[in-house]
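In each ligand, atom 1 is the first atom listed, and ligand 1 is the first ligand listed.
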Amino acid sequence: MNDNVTIFDHPLIQHKLSILRDKRTSSKDFRDLVSEIAMLMCYEATRDLPLQNVEIETPICKTTVKQLAGKKLAVVPILRAGLGMVDGMLRMVPSARVGHIGLYRDEKTMQPVEYFCKLPKDIEKRDVFVVDPMLATGGSGIDAISQIKQRHPKSIRFLCLIAAPEGIEALSKAHPDVHIYCAAQDEKLNDKCYIVPGLGDAGDRIFGTK
Ligand code: PRP
Ligand code: URA
């Protein structure tokens, strides 16, 4: 297994993912589940954030407690489907700034087409979590990360729900410094570059557009 990849096998994540994959799941439930899984993934993907000792006073006495060591984080969803993961991330890290990168896959060439990029001004001081439910060919993730790298953030992590082996390989090759976190690595891509078994088109299922 690639050292760059962490697959979350937590039972709660796996259970929620199983409902997400089901084609009978409504858009409302789909949105709720994407948000809940993002929250659980954020909890796991922030496990190594450094802590510092801080003096406080409880109602009983003075004491030393541990707090995040001045970490500045940014969440960057790849539009549209990545938007579904933002709320869950922010519930865990409410002080994170949010950037947006607009990309869609051209249906014929499967190449990402950029249409929007707005990132936090001080991104060079931040650790960035790029979020998108699907890592298929890897084109969108690779392109989004290249755009963010032009602004020199402190670090970048990529969080997705389902990854295809092809996407993991391509993203790891293009950006070996970016750790990939996912809830499942699926079997393959089909001839339309959809993930098999996957969950279908994440953006359409979140926003009810098909
Ligand atoms: C989906 C998904 C990823 C991309 C993954 O977005 O949310 O961004 O495809 O595919 P790739 O790894 O082959 O690039 P899509 O292009 O359908 O746009 P949408 O989110 O606006 O629906
Ligand atoms: N984008 C999706 O939304 N689903 C896939 O299976 C592949 C790309």
Side-chain angles (χ1 to χ4, degrees), residues 2 4-5 7 16-35 37-38 41 75-89 98-119 128-149 156-176 178-210:
N2 186 334
N4 257 9
V5 183
I7 299 176
K16 288 177 193 298
L17 186 62
S18 77
I19 305 171
L20 207 59
R21 288 183 188 276
D22 192 325
K23 68 178 186 185
R24 296 169 302 180
T25 299
S26 69
S27 273
K28 185 204 173 295
D29 289 347
F30 194 91
R31 274 195 298 275
D32 290 347
L33 285 160
V34 169
S35 180
I37 297 173
M41 289 181 73
V75 178
V76 180
I78 302 178
L79 307 181
R80 292 174 303 166
L83 284 175
M85 296 174 71
V86 174
D87 176 60
M89 297 289 294
V98 182
H100 294 88
I101 293 194
L103 290 175
Y104 67 87
R105 295 196 313 179
D106 181 288
E107 282 182 7
K108 288 208 178 74
T109 64
M110 291 303 153
Q111 291 306 305
V113 181
E114 296 161 23
Y115 61 89
F116 189 74
C117 180
K118 179 93 181 164
L119 299 171
V128 174
F129 291 74
V130 179
V131 295
D132 189 331
M134 311 303 277
L135 176 62
T137 63
S140 307
I142 290 170
D143 201 87
I145 291 167
S146 298
Q147 288 192 49
I148 297 168
K149 277 189 175 172
I156 303 179
R157 301 170 196 218
F158 186 85
L159 270 68
C160 61
L161 304 189
I162 301 182
E166 295 89 334
I168 290 181
E169 197 185 329
L171 185 56
S172 305
K173 198 165 162 207
H175 298 294
V178 174
H179 198 94
I180 301 168
Y181 298 90
C182 60
Q185 176 175 328
D186 274 9
E187 216 176 291
K188 59 178 182 182
L189 297 176
N190 67 13
D191 57 359
K192 291 194 169 123
C193 289
Y194 275 86
I195 300 176
V196 180
L199 50 70
D201 188 305
D204 283 341
R205 294 198 65 188
I206 289 173
F207 296 108
T209 40
K210 216 172 239 175

> Identify the protein heavy atom lying closest to atom 22 (O) of ligand 1, giving its residue, its atom name and the separation to 0.1 Å.
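Going by distance alone, atom 22 (O) of ligand 1 is nearest to R80 NH2, 2.9 Å.
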
> Roughly how far, to the nearest 0.5 Å, is CG of L159 from NE2 of H179?
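H179 atom NE2 to L159 atom CG measures 9.5 Å (nearest 0.5 Å).
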
> When you measure from atom 17 (O) of ligand 1 to every protein heavy atom, which one gives the shortest distance, and what is it?
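Residue, atom and distance for the closest contact: D201 OD2, 3.9 Å.
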
> What I want to find out is whether D201 reaches R205 closely enough, with some N-O distance under 4.0 Å, to be called a salt bridge.
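No.
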
> Mark whether atom 6 (O) of ligand 1 lies under 4.0 angstrom from at least one protein heavy atom.
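Within 4.0 Å of atom 6 (O) of ligand 1, no protein heavy atoms are found.
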
> Got the closest protein heavy atom to atom 5 (C) of ligand 2, with its distance?
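Of every protein heavy atom, Y194 CD2, 3.3 Å lies nearest to atom 5 (C) of ligand 2.
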
> Report yes or no: does G138 have a heavy atom closer than 4.0 Å to ligand 1?
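Checking ligand 1 against G138, which is what was asked, there is a heavy-atom contact under 4.0 Å.
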
> Go through I156 and I148 one step at a time and tell me if the side chain to side chain contact (heavy atoms under 4.5 Å, CB included) criterion holds.
CA-CA 9 Å; I156 303 179; I148 297 168; 3.8 Å; yes

> Return the residue, atom name and 0.1 Å-rounded distance of the protein heavy atom closest to atom 13 (O) of ligand 1.
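The protein heavy atom lying closest is T137 OG1, 2.5 Å.
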
> Is there a donor-acceptor contact under 3.5 Å linking the side chains of T209 and R80?
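Yes - a donor-acceptor pair under 3.5 Å links their side chains.
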
> Counting only heavy atoms closer than 4.0 Å, does ligand 1 sit against the backbone of D132, its side chain, both, or neither?
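Just the side chain.
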
> One residue to check: A81. Relative to ligand 1, which of side chain, backbone, both or neither has a non-hydrogen atom less than 4.0 Å away?
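Both parts.
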
> Report the C-alpha distance between N4 and F158 in whole Å, list the side-chain angles of each, state the deciding distance to 0.1 Å, and finish with yes or no for side chain to side chain contact (heavy atoms under 4.5 Å, CB included).
CA-CA 10 Å; N4 257 9; F158 186 85; over 6 Å; no

> Using 0.5 Å steps for rounding, measure from the SG atom of C160 to the CD1 atom of I195.
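One finds 7.5 Å between SG of C160 and CD1 of I195.
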
> So among I162, L33, V34, which one has a side-chain contact (heavy atoms from CB on, under 4.5 Å) with L17?
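Considering I162, L33, V34, a side-chain contact (heavy atoms from CB on, under 4.5 Å) with L17 is found only for I162.
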
> Looking at atom 6 (O) of ligand 2, what's its closest protein heavy atom, distance included?
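Result: I195 N, 2.8 Å.
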
> Rounded at 0.5 Å granularity, tell me how far CE in M85 sits from CZ in F129.
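M85 CE to F129 CZ: 11.0 Å, rounded to 0.5 Å.
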
> Under 3.5 Å between some N or O of ligand 2 and some N or O of G200?
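Yes; the residue has a nitrogen or oxygen that sits under 3.5 Å from a nitrogen or oxygen of the ligand.
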
> Looking at atom 15 (P) of ligand 1, what's its closest protein heavy atom, distance included?
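That would be R105 N, 4.2 Å.
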
> Of all the atoms in ligand 2, which lie at a distance below 4.0 Å from a heavy atom belonging to R105?
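Contacts of ligand 2 toward R105, numbered from 1: 7 (C), 8 (C).
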
> Under 3.5 Å between any N/O of A136 and any N/O of ligand 1: does that happen in this structure?
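Looking only at distances, the answer is yes, because the N/O contact criterion of under 3.5 Å is met.
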
> Would you say that D186 contacts R21 through its side chain, given a criterion of any heavy-atom pair below 4.5 Å between the two side chains?
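Heavy-atom side-chain distance check passes, below 4.5 Å.
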
> Please state which protein non-hydrogen atom is closest to atom 3 (O) of ligand 2 and give its distance, to 0.1 Å?
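Heavy-atom neighbour on the protein nearest atom 3 (O) of ligand 2: A202 N, 2.8 Å.
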
> Before signing off on this row, confirm whether A136 and ligand 2 have an N or O atom pair separated by under 3.5 Å.
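N/O-N/O distance below 3.5 Å does not exist for this pair.
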
> Just heavy atoms, cut-off under 4.0 Å: does C193 contact ligand 2 by side chain, backbone, both, or neither?
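Answer for C193: backbone.
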
> Would you say atom 1 (C) of ligand 1 has a protein heavy atom nearer than 4.0 Å?
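Protein heavy atom within 4.0 Å of atom 1 (C) of ligand 1: absent.
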
> Going through the distances and angles, do L161 and M41 end up as a side chain to side chain contact (heavy atoms under 4.5 Å, CB included)?
CA-CA 9 Å; L161 304 189; M41 289 181 73; 3.7 Å; yes

> I'd like to know if R205 contacts ligand 2, where contact means a heavy-atom distance under 4.0 Å to any ligand atom.
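No, R205 has no heavy atoms under 4.0 Å from ligand 2.
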
> Nearest protein heavy-atom contact for atom 4 (C) of ligand 1: which residue, which atom, what distance?
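Going atom by atom, the protein heavy atom closest to atom 4 (C) of ligand 1 ends up being S140 OG, 3.5 Å.
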
> Got a second to check how far D132's CG is from L103's CG, nearest 0.5 Å?
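Going from CG on D132 over to CG on L103, the span is 8.5 Å.
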
> So, taking the atom named CG in L83 and the one named OG in S35, what distance separates them when rounded to the nearest 0.5 Å?
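Between L83 CG and S35 OG, I get 11.5 Å after rounding to 0.5 Å.
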
